[in-house]
Amino acid sequence: MTQKAIIPANYRMLISEESIQNRLKEIGAQIAAEFKGKHPILVGVLNGGVIVLADLIRYIDIDLEVDFIRISSYGDEKESSGHIKILKPLSADIKGRAVIIVEDIVDSGLSIQFLRNMLEAYGPSELKFATLLNKPSKNRVDLSIDYIGFDIDDKYVVGYGLDDKQFKRNLRSIYACE
Ligand code: 5GP
């Protein structure tokens, strides 16, 4: 099934559906090996991270739990304001648990810095970060991201969970808006 009808002319394909799935398979296998016997909780950061989480967990062949958190920072803007709020807290008790936060994209890094500081306070045994995309040239804080799908240039990207004014999250590949 083609998605041509919902791909505007100014979108250029950056990462294909197949490349995304192949990379998630590799990361899934790595997480499975590193977290065997640890029953990790994978936390999807809403809204964008839901697609990454849904595909990634099916490539992790060990027992795991799933939870979600929702934070705000951008609204419909394209730059981070740095003012982050929790819109939906975690449901799980992460004290003493191995936790992997799953993001769609890391840009300034302020969101994951905020999540790290907040979640460390709950006393997880391990707190790791996975992101499908990272924009190294935009990172404003010293980050240690444990699993990165792809490093990309400073472009606004959409599809595969990433929105264009709340639309286009359902595209299966990732596109740069030109
Ligand atoms: P950070 O706090 O690292 O600056 O931003 C992380 C959040 O900003 C992401 O979870 C995502 O919601 C949004 N974001 C950053 N860059 C992009 C982009 O290129 N495209 C889209 N759609 N969202 C982005």
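What you are looking at is a predicted structure, and each value in this text was computed from that prediction instead of being measured. Indexing begins at 1, ligand by ligand and atom by atom, following the structure's order.
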Problem set entry | Atom of Val99, atom of Pro124 and distance for their closest heavy-atom approach | CG2-CB, 4.0 Å

Problem set entry | Under 4.0 Å to a heavy atom of Lys155 - the qualifying atoms of ligand 1, by number | 19 (O)

Seminar exercise, completed: Quick note on ligand 1: atoms under 4.0 Å from a heavy atom of Ser111 include exactly 1 (P), 2 (O), 5 (O), 6 (C)

Exercise. Tyr175 and Asp164: side-chain donor and acceptor closer than 3.5 Å?
Worked result: no

Problem set entry | Counterpart residues, side chain to side chain contact (heavy atoms under 4.5 Å, CB included), relative to Val141 (two or more places apart) | Leu110, Gln113, Leu143

For this session: Output the distance between atom CD1 (Ile100) and atom CG (Asp67), rounded to the nearest 0.5 Å.
Result: 13.5 Å

Problem set entry | Side chains of Tyr59 and Gln21, donor plus acceptor under 3.5 Å | yes

For this session: Consider ligand 1: state whether an atom of it lies below 4.0 angstrom from any non-hydrogen atom of Val158.
Result: no

Seminar exercise, completed: Contact region, Asp164 to ligand 1, non-hydrogen atoms below 4.0 Å, reads neither

Seminar exercise, completed: Closest to atom 9 (C) of ligand 1 (heavy atoms only, candidates Val106, Ile105, Asn139) is Ile105

Problem set entry | Heavy atom of Gln113, distance to ligand 1 below 4.0 Å | no

Problem set entry | Lys/Arg-Asp/Glu bridge criterion (N-O < 4.0 Å) met for Glu34, Lys128 | no

Seminar exercise, completed: In ligand 1, the atoms that come under 4.0 Å of a heavy atom of Asp163 are 22 (N)

Exercise. So is Leu162 polar-close to ligand 1, meaning N/O to N/O under 3.5 Å?
Worked result: no

Seminar exercise, completed: Those residues at least two apart in sequence (or on a different chain) that pass side chain to side chain contact (heavy atoms under 4.5 Å, CB included) with Arg58 are Ala54, Asp55

For this session: Compute the minimum heavy-atom distance from Gly109 to ligand 1 and say whether it is under 4.0 Å.
Result: yes

